[in-house]
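Scroll down for the structure; my scribbles are underneath it.
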Amino acid sequence: MPYRRTPAVQARMDAQRASVLNAAIELLAEQGYAGCSMAAVAAKAGIATGSMYQHFENKAELAVELFRTVCAREVAAVVEASQEGELVDRVVAVIETFAGRALKAPRLAYALLAEPADPAVDAQRLIFRRAFRDVFAERIAEAVGQGVLPPQDPQLTAAALVGAGAEALVGPLVDGAASPDTVPALVQFTLRALGGSA
């Protein structure tokens with residue numbers, strides 16, 4: 001008969017896993033993926049390195065879970081920001097939130113957007129780019145449907161905006177010195193790309 005953890009043991013394991021992920025997020029924000037070795041995360045979380053393997057098989061699995069956890073928060077923030085206001089303002093809120101949050105945590109954002117990482121993380125990047133695209137596309141489709149924006153393929157426009165926004169941010173994130181005009185310029189670019197009034 002296979003061993004089953006008691007609820008108390010499972011709760012302890014879940015709490016330790018959450019602590020490990022929080023420690024990994026802090027390291028990712030400070031040092032990127034290179035700083036997120038199993039030993040470094042264990043030290044930050046205050047556990048033995050061997051205990052890490054109760055939660056993650058290897059660094060690649062840890063990196064994927066780390067990426068998913070942080071990106072899910074970013075997608076949720078963008079979704080929430082895009083719920084209010086006029087239809088075009090909802091589209092603009094997607095890029096404002098995405099860029100604004102990235103520039104407040106440049107090292108973390110660079111790790112999520114562009115830092116060389118395990119191929120499994122690159123696969124997750126594609127999934128989350130699509131998630132951001134879908135938020136954009138939904139808001140664009142609403143505005144097109146109401147005649148506020150000219151007819152266009154919302155998915156195509158959204159994909160182009162996600163790609164352009166991410167690419168425009170990489171330089172400032174690497175330099176750590178974004179101009180105060182970066183987010184307003186991205187908003188103007190977005191409005192022009194949508195065919196709205198800039």
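In what follows, residues are counted from 1 in the order of the sequence shown.
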With side chains defined as the heavy atoms from C-beta onward, is the minimum distance between [X] and [Y] less than 4.5 Å?
X: Met13; Y: His55; result: yes
X: Phe67; Y: Leu28; result: no
X: Arg139; Y: Gln83; result: yes
X: Thr69; Y: Glu65; result: yes
X: Leu169; Y: Leu186; result: yes
X: Arg73; Y: Ile25; result: yes
X: Val91; Y: Leu191; result: no
X: Ser82; Y: Thr97; result: no

Can you tell me if [atom1] on [X] sees more than 12 non-hydrogen neighbours from other groups inside 6.0 Å?
X: Glu80; atom1: CD; answer: no
X: Gln146; atom1: CD; answer: no
X: Glu84; atom1: CD; answer: no
X: Glu86; atom1: CD; answer: no

Legend entry - Salt bridge flag under 4.0 Å for residues Asp14 and Arg17: no
Inset, instruction - Flag the pair Arg125 and Glu115 as a salt bridge only when some basic side-chain nitrogen lies within less than 4.0 angstrom of an acidic carboxylate oxygen. - result: no
Minimum heavy-atom separation for [X] and [Y], please, with both atom names.
X: Pro150; Y: Gly195; value: CD-O, 3.8 Å
X: Ala111; Y: Gly32; value: CB-CA, 4.4 Å
X: Leu66; Y: Cys36; value: CD2-SG, 4.0 Å
X: Phe128; Y: Ala72; value: CE2-N, 3.7 Å
X: Val170; Y: Ala114; value: CG2-CB, 4.0 Å
X: Val75; Y: Phe132; value: CG2-CZ, 3.8 Å

[X] (side chain) donor-acceptor with [Y] (main chain) under 3.5 angstrom:
X: Thr182; Y: Ser179; result: yes
X: Gln124; Y: Ala120; result: no
X: Lys59; Y: Asp118; result: no

About how many Å separate [atom2] of [Y] and [atom1] of [X], when rounded to the nearest 0.5 Å?
X: Arg133; Y: Arg129; atom1: CZ; atom2: CZ; value: 11.5 Å
X: Asp89; Y: Glu96; atom1: CG; atom2: CD; value: 8.5 Å
X: Ile140; Y: Asp153; atom1: CD1; atom2: CG; value: 9.5 Å
X: Glu30; Y: Arg107; atom1: CD; atom2: CZ; value: 10.5 Å
X: Ser37; Y: Lys44; atom1: OG; atom2: NZ; value: 12.5 Å
X: Gln10; Y: Arg12; atom1: CD; atom2: CZ; value: 10.5 Å

Inset, instruction - Please test Val144 against Gln152 for side-chain contact (heavy atoms from CB on, under 4.5 Å), starting from the C-alpha separation and ending with a verdict. - result: CA-CA 7 Å; Val144 169; Gln152 58 195 285; 3.9 Å; yes
Inset, instruction - Given side-chain contact (heavy atoms from CB on, under 4.5 Å), test Leu149 with Leu87 step by step and report yes or no. - result: CA-CA 9 Å; Leu149 290 176; Leu87 291 173; over 6 Å; no
Legend entry - Audit row: Val162, Val94, side-chain contact (heavy atoms from CB on, under 4.5 Å) steps and yes/no: CA-CA 10 Å; Val162 168; Val94 175; over 6 Å; no
Inset, instruction - Go through the steps for Asn22 and Ser19 under the test side-chain contact (heavy atoms from CB on, under 4.5 Å), then give the verdict. - result: CA-CA 5 Å; Asn22 287 335; Ser19 175; 5.7 Å; no
Inset, instruction - State yes or no: do Val183 and Val174 share one hydrophobic cluster built from I, L, V, M, F, W and Y residues joined by side-chain heavy-atom distances below 4.5 Å, directly or via other members? - result: yes
Inset, instruction - Under 4.5 Å between side-chain heavy atoms, chaining through other members, with only Ile, Leu, Val, Met, Phe, Trp and Tyr counted: pull out the rest of the cluster around Val41, sorted by chain and number. - result: Val20, Leu21, Leu27, Met38, Ile47, Met52, Tyr53, Phe56, Leu62
